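Remarks on the structure that follows.
Nothing here was measured: the structure is a model prediction, and the numbers come from that model. Every number for a ligand or one of its atoms is a count from 1 in the order of the listing.
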Amino acid sequence: MSTTKYIFVTGGVSSSLGKGIIAASLAKLLQARGYRVTIQKLDPYINVDPGTLNPYEHGECYVTDDGAETDLDLGHYERFLNVPTSQANNVTTGRIYQSVIEKERRGEFLGKTVQVVPHITNEIKERIQILGNSGDYDIVITEIGGTVGDIESLPYIESVRQLKWELGDDNALVIHLTLVPYLSAAGELKTKPTQHSVKTLMESGIKADILVCRTEHELSEDLRRKLALFCNVQYEAVIQSIDASTIYDVPNMMYDEGLDRVTLKKLNLSNSSEPNLKQWNEFLHRHKNPKAEVTIGLIGKYVELQDSYKSILEAFIHAGAENEVSVNVVSVHSEHLDAKSIDKTLSGLNGILVAPGFGERGIEGKIEAVRYARENNMPFFGICLGMQMAVIEYSRNVLGLKQANSTEMDFNTPDKVIDLMEEQKTITDKGGTMRLGAWACRLKEGSIVAAVYDNELISERHRHRYEYNNDYSDKLEAAGLVATGINPETGLVEIVEIPEHPWFVGVQYHPEYKSTVANPHPLFVAFVKAAYEHSIK
Ligand code: GLN
């Protein structure tokens with residue numbers, strides 16, 4: 001029998017309390033004590049994965065090495081733990097039902113009526129235990145999306161109840177994350193919403209073992225005692241999670257509150273070795289004590305919602321700390337950029353990042369931003385669509401191909417400098433059909449990127465359908481936009497740079513997905529360094 005221990009994280013009272021950060025912080029502490037930990041997210045929506053969701057709906061879609069399009073919380077897990085996740089780490093209701101229905105069609109249920117209990121719940125339990133049964137982990141933390149009491153989370157809650165019963169109290173525990181609101185008129189923190197959400201959990205047969213309470217004010221001892229008594233948890237299992245100035249403070253805050261100690265005690269695991277957070281705290285120290293500031297313009301079209309570019313913003317935090325500078329990211333809506341306003345908007349920046357994206361809206365502004373960076377010798381970093389915009393800009397303004405475009409934006413352009421990949425031409429389904437996940441890339445000797453990576457063969461994660469059109473490579477290279485990263489198997493161009501420019505790099509892949517606290521991404525580190533050098537000129 002597997003000896004893996006399971007921790008379930010549920011949420012009550014409100015969404016957006018930061019279950020993902022609490023799960024990642026606890027995992028960090030356990031990892032720092034020598035345990036092998038992974039985190040999984042179960043999402044109660046019907047989409048098979050978040051790949052088809054608009055960023056305004058769901059924030060960024062995070063991509064793993066194995067090409068899974070997943071919830072952005074997996075990004076936090078990787079950034080905190082520095083261990084890659086996979087498709088198994090994110091499961092949605094859509095995926096569960098899809099799998100059960102496929103089994104039904106194959107006749108696997110032998111004539112039985114297929115029902116939520118036991119068929120859907122069995123499938124959920126299997127998905128939770130796949131990670132534990134792999135033998136790779138001592139502890140699996142499973143975060144249940146949504147809020148307790150939601151109709152759509154019921155099968156998950158029932159699965160947790162069953163698993164907890166099957167595995168026993170030493171092997172499974174439930175952490176309930178809740179909100180303790182402050183009523184300013186009364187000048188008081190209120191425990192009633194928490195009592196109610198714990199009660200809702202109890203109605204489904206689950207007793208919370210640990211309460212993590214999100215709060216804007218310190219919880220007094222009296223209040224903790226009251227919560228413990230009314231919510232049926234031990235006093236030491238009432239954990240305060242007060243608002244933090246950075247998510248990277250949360251592991252230390254959870255350590256101070258004893259979340260890892262009480263977890264280990266309840267799971268009957270040794271807590272004799274203290275967590276080793278040396279590297280983490282060195283990062284935090286650099287992050288909080290910058291010696292200078294650089295300002296980067298993030299040119300995108302989903303800028304109203306910070307979560308849309310989550311991994312890029314976090315990668316800047318890692319790269320800033322590495323350079324001992326603070327990175328002030330200014331969001332610029334590409335739809336609002338035109339030749340007239342551009343100088344005013346971009347001239348105070350030290351670097352320009354043109355963001356990934358889909359569709360026509362806002363692309364002319366992105367092309368103008370590339371032009372501005374190129375002509376003004378400002379460090380430029382283009383990611384995915386941003387790289388494609390750099391190719392279009394160069395074709396239009398340097399090669400003189402005035403109508404150059406991507407066939408994503410203009411199907412009839414005479415100069416398809418960015419075109420649909422061959423294997424995409426027959427694909428009609430939208431879900432899970434892009435070029436996804438990790439692909440190899442060979443770097444050209446003597447290029448900016450070869451120096452940045454200090455390697456000639458790299459692997460990075462992709463998510464796109466369109467590509468650089470090699471029919472134009474001779475002309476573009478001769479004019480100064482050089483392809484410096486090529487997929488060794490397919491010949492696809494993955495990186496372009498301008499050797500004559502102080503720092504101009506466009507990448508077809510998404511480096512932001514691989515930046516972690518322990519391993520800041522070298523391209524972000526080099527771009528921030530170039531921006532710093534620009535700032536002191
Ligand atoms: N829309 C572009 C493509 O599909 C770029 C995608 C992206 O930026 N992730 O190729």
Open item on the list: Side chains of Asn47 and His58 only: does a donor on one sit below 3.5 Å from an acceptor on the other?
Closed with: no
- [ ] Hey, could you give me each pair passing salt bridge (Lys or Arg N to Asp or Glu O under 4.0 Å) that has a residue in residues 44-68? Not counting sequence neighbours.
- [x] Asp49-Arg95, Asp65-Arg461
Task: Residue contacts for ligand 1, heavy atom to ligand atom, distance under 4.0 Å - done: Pro356, Gly357, Phe358, Cys384, Leu385, Gln388, Glu408, Arg463, His464, Arg465, Tyr466, His510
TODO: Could I get the full list of salt bridge (charged side-chain N to carboxylate O under 4.0 Å, His left out) partners for Lys301, not counting sequence neighbours?
DONE: none
Task: ring pair (Phe, Tyr, Trp, His ring centres under 6.0 Å) partners of His333, counting only residues at least two apart - done: His336
Open item on the list: Could you measure the distance from the SG atom of Cys441 to the CD atom of Glu489? Nearest 0.5 Å is fine.
Closed with: 12.0 Å
Task: Flag for Arg361-Ser334: side-chain donor and acceptor within less than 3.5 Å - done: no
